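Some notes on the structure that comes next.
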Amino acid sequence: MTVQTPIYTEITQCQDCYKCIRECPIKAISVEQGHAKVIPNLCVLCGHCVIVCPAGAKRVRDDLPRAKQLVKIKEKVFLSLAPSFASEFSGVPAGRLVAALKKLGFSGVSETAVGADFVSSDVSTLLNEAEKKIAAGEKGVRKLFLSSACPVAVEYVKRYLPELADSITDCVSPLMAHVRYLKNHFGKNCAVVFAGPCIAKKRESDVWEQELDCVISFQDLKRWFQDEGIRIEACNYDESDGFIPFRAAKGALYPIDGGMISAIKKYPGTDDCDMLAVTGLDEIGAALRGIDPEKLSKPLFAELLACHGGCVNGPMASNQNPTLMRQISLLKYADGAKDTISGEEMPVMSGTLPAEAAGEAAHSEADIISALRSVGKFSLQDELNCGSCGYDTCRSFAAAMLDKRAEKGMCVSYMRKLAQKKANGLIKTIPAGVVICDSNLTIIECNENFARLMGDQIVELFEAKPGLEGAELSKITSLSKYFSDVMSEDGPDVVDHEIREGKKIFHATIFSLEEGQSACGVIQDVTAPQVQRSRVIKQTQRVIDKNLAVVQKIAFLLGENAAETEATLNSIIESFAASDGDADE
């Protein structure tokens, strides 16, 4: 069965703005026939494109129907609730939230942070062992430890920093540790649904589908409450409405930057380690690219989170409050938790999210130059690196075109030049005189035929400065006042007018290009022989058409009268015929 990717594009909604490409930190988006599509084997599901898409064309797979079905058909379904619930449902007592969730059909609600506690314990053990080996003078001891808690960060390192993939701790994410714990505790046949702010958890559900049954978002939960007519604030709760099998410890801190480090430090044996937190994919790349673990003097643990500020800013969080307020809500909730869950039986902790290195296609300099020339870039000066296409440099854009991930039409400067060339070609070849001016009646552009219509002196000016850019239209022709009329606030959109200038009679059609900003005039000399012939033909055709219309109308009226006369005579004949019949009898 083919499973839809967690993030996809609704093609009919895509407006070709390329904002998703500009904002995607790894450019995992291709453009086909003007529409931007996510490339599944490159995307790490950070969800940033979903957030920034102005048209809402980037969509997240809706797994809510599956969750609803699970609670109907499964005997036991437990909800693994992400620790950032404390910021998402700020001010709602945990018991009240659990009571409301049970009304949806869940057998019980457990904190995903329980899995985070298991991860904290496991990582602290790894760091402690590394400290001891270094202290004992062992050689070749691993010193760099990258967190595996964030599935987006794990995929990013494995795909785009593959040289550091071995530095990721061989430890499942908090969610998978929690799922395995729940299955061990409540039976393998129970179902587990996760709810949180992370899209990448859907990838974990796809990979470990036999363990994690379904992933929905906080937004989905709120939609579900609304569908069932459940008002959280109206739900009564008691002591039985608590998290099962127990409340999490400091794993509740994981959704904020530095929270994982704080939780790990609650376990012994990590005193002689360096610990740093990095949030944001760009920042992770900048922090790790080029690092040499061999140069470290002691173990370094790097907490990597894809979302700036932590999971409280996840792509599927409602973000109704400022980041600091969300973090404070979470800190308040975590403040009442115990430090560790030491003594609990840990599930199997090995296994990180699988991902293949993305790799980059090698393109020769000749290929790059050829691609650049195809969009009108023949020198370094032509490479504007404006970023409007979504890529940081023109050369990156050229490489994307060679990879079939980008199209020439994405280059704004190329399309502008192309449009300008077409417009210029049309203006030059049109037999009439064409002039474009701005609101100050200053000429923006004109063709040679316009200059010829205006006389020999204007032709000389045109030869000196083709296009007559900057010249004052009012000093060239009295038609300028009609340009003013078109660009006035209450003026007409189009003006057709004839005016005599010297021995010539001009017919001008003047129309607005940009309201109140610019206008274009198409001008013909009606006294010119070829124009005269055209006008005679046109006027003759008009007379013919008018006469035909009159004849047709007369014929219609004559036909109508004849029909009425015929009907009347037939009636008289029938009447007399009937009378003769009676007389014969």
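Just so you know, these numbers come straight off a predicted model, no measurement behind them. Heavy atoms only: backbone and side chains are in, while hydrogens, waters and symmetry mates are out.
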Are any of the side-chain heavy atoms of Tyr482 and Val486 separated by less than 4.5 Å? no

So, the side chain of Lys377 versus the backbone of Asp382: is there a donor-acceptor pair under 3.5 Å, distance only? yes

Could you tell me whether the side chain of Thr527 reaches within less than 4.5 Å of the side chain of Lys503, counting heavy atoms only? no

Spacing of SG belonging to Cys386 relative to CG belonging to Asp392, to within rounding of 0.5 Å: 11.0 Å

On a heavy-atom basis, the closest approach of Pro492 and Asp485 is CD-O, 3.9 Å

Trace of the side chain to side chain contact (heavy atoms under 4.5 Å, CB included) decision for Gln524 with Val522: CA-CA 7 Å; Gln524 287 182 310; Val522 180; 5.5 Å; no

Gap separating the CG atom of Leu221 from the CD1 atom of Ile216, nearest 0.5 angstrom: 4.0 Å

Does some side-chain heavy atom of Val60 sit less than 4.5 Å from a side-chain heavy atom of Ser217? no

Charged N to carboxylate O below 4.0 Å: is that the case for Glu445 and Lys428? no

Can you see which heavy atom on Cys307 is nearest to which on Gly314, and at what distance? SG-CA, 3.8 Å

Whether Gln15 side chain and Gln13 backbone form a donor-acceptor pair below 3.5 Å: yes

I need the minimum non-hydrogen distance between Met415 and Gly409, along with the two atoms involved. CG-O, 3.4 Å

Any donor-acceptor N/O pair, Arg59 side chain to Glu10 backbone, under 3.5 Å: no

Tell me the closest heavy-atom pair linking Phe218 and Pro197, and the distance in Å. CE1-CD, 3.6 Å

Geometric class of the Tyr391/Phe397 ring pair [parallel <30°, tilted 30-60°, perpendicular >60°]: tilted

Neighbour count >12 (heavy atoms, 6.0 Å) for atom CD, Glu515: no

How about CZ on Arg223, more than 12 heavy atoms from neighbouring residues, nucleotides or ligands closer than 6.0 Å, or not? yes

Working for side chain to side chain contact (heavy atoms under 4.5 Å, CB included), residues Ile510 and His497: CA-CA 8 Å; Ile510 303 164; His497 200 81; over 6 Å; no

Backbone N or O of Val215 within a donor-acceptor pair of the Lys202 side chain at under 3.5 Å? yes

Apply the test side chain to side chain contact (heavy atoms under 4.5 Å, CB included) to residues Ser484 and Leu441: give CA-CA distance (whole Å), side-chain angles for both, the deciding distance (0.1 Å), then the verdict. CA-CA 7 Å; Ser484 296; Leu441 300 182; 3.3 Å; yes

Within a 6.0 Å radius of atom CG on Asn440, are there more than 12 heavy atoms belonging to other residues, nucleotides or ligands? yes

For a 4.5 angstrom cut-off between non-hydrogen side-chain atoms, does Met487 reach Cys437? yes

If we only count heavy atoms from C-beta on, is the Ile436 to Ile427 side-chain gap below 4.5 Å? yes

Could you tell me whether Glu23 and Lys19 have a side-chain N and a carboxylate O separated by less than 4.0 Å? no

Between Leu288 and Leu304, is any pair of side-chain heavy atoms under 4.5 Å apart? yes

Give a yes or no answer on whether the side chain of Thr393 reaches the backbone of Ser396 with a donor-acceptor pair at less than 3.5 Å. yes

Say whether, by atom type as modelled, one donor and one acceptor occur between the side chain of Arg22 and the main chain of Cys17 under 3.5 angstrom. yes

Gln327 side chain vs Val312 backbone, donor-acceptor pair below 3.5 Å: no

pair Glu204-Lys201: side-chain heavy atoms closer than 4.5 Å: yes

More than 12 heavy atoms of other residues, nucleotides or ligands under 6.0 Å from NZ of Lys222: is that the case? yes

Kindly compute the distance separating CD1 (Ile199) from CD1 (Ile51), expressed to the nearest 0.5 Å. 7.0 Å

Supply the atom-to-atom distance Leu468 CG to Glu448 CD, rounded to the nearest 0.5 angstrom. 10.5 Å

What do you reckon, is CG of Asp493 surrounded by more than 12 foreign heavy atoms closer than 6.0 Å? no

Heavy atoms of Ile26 and Leu42 approach each other most closely as CD1-O, 3.3 Å

Is the backbone of Cys214 close enough, under 3.5 Å, to the side chain of Asp63 for a donor and an acceptor to pair up by distance? no

Decide yes or no on side chain to side chain contact (heavy atoms under 4.5 Å, CB included) for Glu356 and Asn41, but give the supporting numbers first. CA-CA 8 Å; Glu356 297 292 331; Asn41 62 331; over 6 Å; no

Nearest heavy-atom contact between Thr9 and Val38 is OG1-N, 4.0 Å

Give a yes or no on whether a salt bridge exists between Asp403 and Lys27, defined as a side-chain N under 4.0 angstrom from a carboxylate O. no

CZ of Arg395 to CD1 of Ile369, rounded to nearest 0.5 Å, is 6.5 Å

Is the closest side-chain heavy-atom distance between Gln517 and Leu513 below 4.5 Å? no

Show your working on side-chain hydrogen bond (donor to acceptor under 3.5 Å, both in side chains) between Ser370 and Asp367 and close with a plain yes or no. CA-CA 5 Å; Ser370 177; Asp367 288 340; over 6 Å; no

Taking Ile430's backbone N and O only, do any of them form a donor-acceptor pair with Asn449's side chain (distance below 3.5 Å, no angle check)? yes

For the pair Asp206 and Arg203, find out whether any cationic side-chain nitrogen is under 4.0 Å from an anionic carboxylate oxygen. no

How many angstroms lie between atom CE of Met316 and atom CD of Gln219, to the nearest 0.5 angstrom? 4.0 Å

Please check this pair: side chain of Ser167 against backbone of Leu146, looking for a donor-acceptor N/O pair closer than 3.5 Å. no

What verdict does the salt bridge (charged side-chain N to carboxylate O under 4.0 Å, His left out) test give for Glu469 and Lys465, after you've listed the backbone C-alpha separation in whole Å, the side-chain angles of each residue and the deciding distance to 0.1 Å? CA-CA 8 Å; Glu469 182 180 359; Lys465 188 175 184 180; 5.6 Å; no

